[in-house]
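Since the structure comes first, as structure tokens, the remarks are kept for the end.
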2 protein chains.
Amino acid sequence: MESRIERLCIDNGLKMTGQRRVIARVLSEAEDHPDVEELYRRSSALDKRISIATVYRTVRLLEEQGILERRDFGGGRARYEPSGHGHHDHLIDVETGKVTEFEDDAYHDMLQQIAHRLGFDLISHRLELFGRRRNKPQSDQRAASETLPERTKR
Amino acid sequence: MESRIERLCIDNGLKMTGQRRVIARVLSEAEDHPDVEELYRRSSALDKRISIATVYRTVRLLEEQGILERRDFGGGRARYEPSGHGHHDHLIDVETGKVTEFEDDAYHDMLQQIAHRLGFDLISHRLELFGRRRNKPQSDQRAASETLPERTKR
DNA sequence: ATAGGTGCAAAGCATTTGCCGCGGT
DNA sequence: ACCGCGGCAAATGCTTTGCACCTAT
């Protein structure tokens, strides 16, 4: 069984080694935004002979190929998610560290206008909200959340 | 002559040493978003006996006191700006690396609403636009820009 | 006087890289 | 067979810290 990301790797003409296959599978199955350490943990669980250096190299390679996207939610470690589940941004729960994704269509035009007013064409943006859960959360929006690993730095 | 930030330090009951006074002055006069290295450079120019460790310590202290704000524009180094020139976000010119500030009042409500829909109270946010300069920039908005130091990492 | 600040160099962390044997294609 | 890949450990870049001395208050 070939994972979604393995397929993408092959299509991009990447050499598929054992460790890459495992990492591709882990990424394909990830529903969150794991950092390298976490990817290494999950990959090691499937195949002991993977070094963290390889995870770093692979993750960088896949990012260059546009297969992965790097995120920076603060805390000093990069986090990754597969490309192509549409434009979305993130809300981080400041107490638990959980990340919730949300669609950004509503205000994308507004950002574009802001850029235009300043004399620029908008190429991309980065938006993160930091919030605290309210007593009675109402869920009228699909949103998956996860736990943010404890930060080491700072 | 006592700089604006030195005043804030005193008001917050911080012990004012020679090096802190110099760093406070440099920060008070900064119109950009310098990183620690840059602050060290500017401070050293005024007083040779300042170590970069002290700049790191001071900058962290001032951030904890709410006098400074840390920014992360990517590139692996923190950048700082004095607190309290109002809510604003940043647009980064992808070609030159220049940073332009802009006001965010217009869409702040919208962000709040998004957070609410997801069941959160909005505490803060981070918004960065990346754009390319257009031929004829129209300037109807106060905006200062600067050059982004070359990134070392990635 | 004394709590806290400073310089220096070493330690920490996340990430990258050199070297060299190994494995896809 | 050939070129790229992976493991390991050393290197890197930013930031923090232990220690011994120094200085505002």
Would you indicate what Arg49(B) reaches in the nucleic acid, counting non-hydrogen atoms under 4.0 angstrom: base, sugar-phosphate, or nothing?
sugar-phosphate
| task | Respond yes when some side-chain nitrogen or oxygen of Gln19(B) is under 4.0 Å from OP1 or OP2 of dT23(D), and no when none is. | result | no
Does Tyr56(B) have a side-chain nitrogen or oxygen under 4.0 Å from the phosphate oxygens OP1 or OP2 of dT16(D)?
no
When rounded to whole Å, the CZ to P distance for the pair Arg21(A) and dG23(C) reads 14 Å
>> Any donor-acceptor pair, under 3.5 Å, between the side chain of Arg57(B) and the base of dG4(C), if you only look at N and O atoms?
In response: no
For Ser43(B) and Val26(B) the tightest heavy-atom approach is OG-CG2, 3.6 Å
Does a nitrogen or oxygen in the side chain of Thr17(B) sit under 4.0 Å from OP1 or OP2 of dT6(C)? yes
Of the listed dC14(D), dG7(C), dG5(C), the closest approach to the Lys15(B) side chain comes from dG5(C)
Result for 5'-nearest mapping on DNA chain D, choosing between Lys48(A) and Met16(B), is Lys48(A)
**Message:** Would you say that more than 12 heavy atoms from the other residues, nucleotides or ligands in this model lie under 6.0 Å from the CZ of Arg49(A), or not?
**Reply:** no
From CG of Leu14(A) across to P of dC3(D) the rounded distance in Å is 19 Å
- Message: So Ile50(B), base contact, sugar-phosphate only, or nothing? Heavy-atom distance under 4.0 Å.
- Response: sugar-phosphate
Notebook entry, point to check: Distance check: side-chain N/O of Arg60(B) vs OP1/OP2 of dT16(D), anything under 4.0 Å?
Noted result: yes
On a heavy-atom basis, the closest approach of Ser83(A) and Gly66(A) is OG-O, 2.9 Å
Between Met16(B) and Ile10(B) the two heavy atoms that sit nearest each other are CG-CG1, 3.8 Å
Contact class for Arg20(A) vs. all strands (heavy atom < 4.0 Å): base, sugar-phosphate, or nothing?
sugar-phosphate
Asp72(A) atom CG is separated from dC13(C) atom P, nearest whole Å, by 19 Å
With the side chain defined as heavy atoms from C-beta on, Ala53(B) is closest, among dT17(C), dC8(C), dT15(C), to dC8(C)
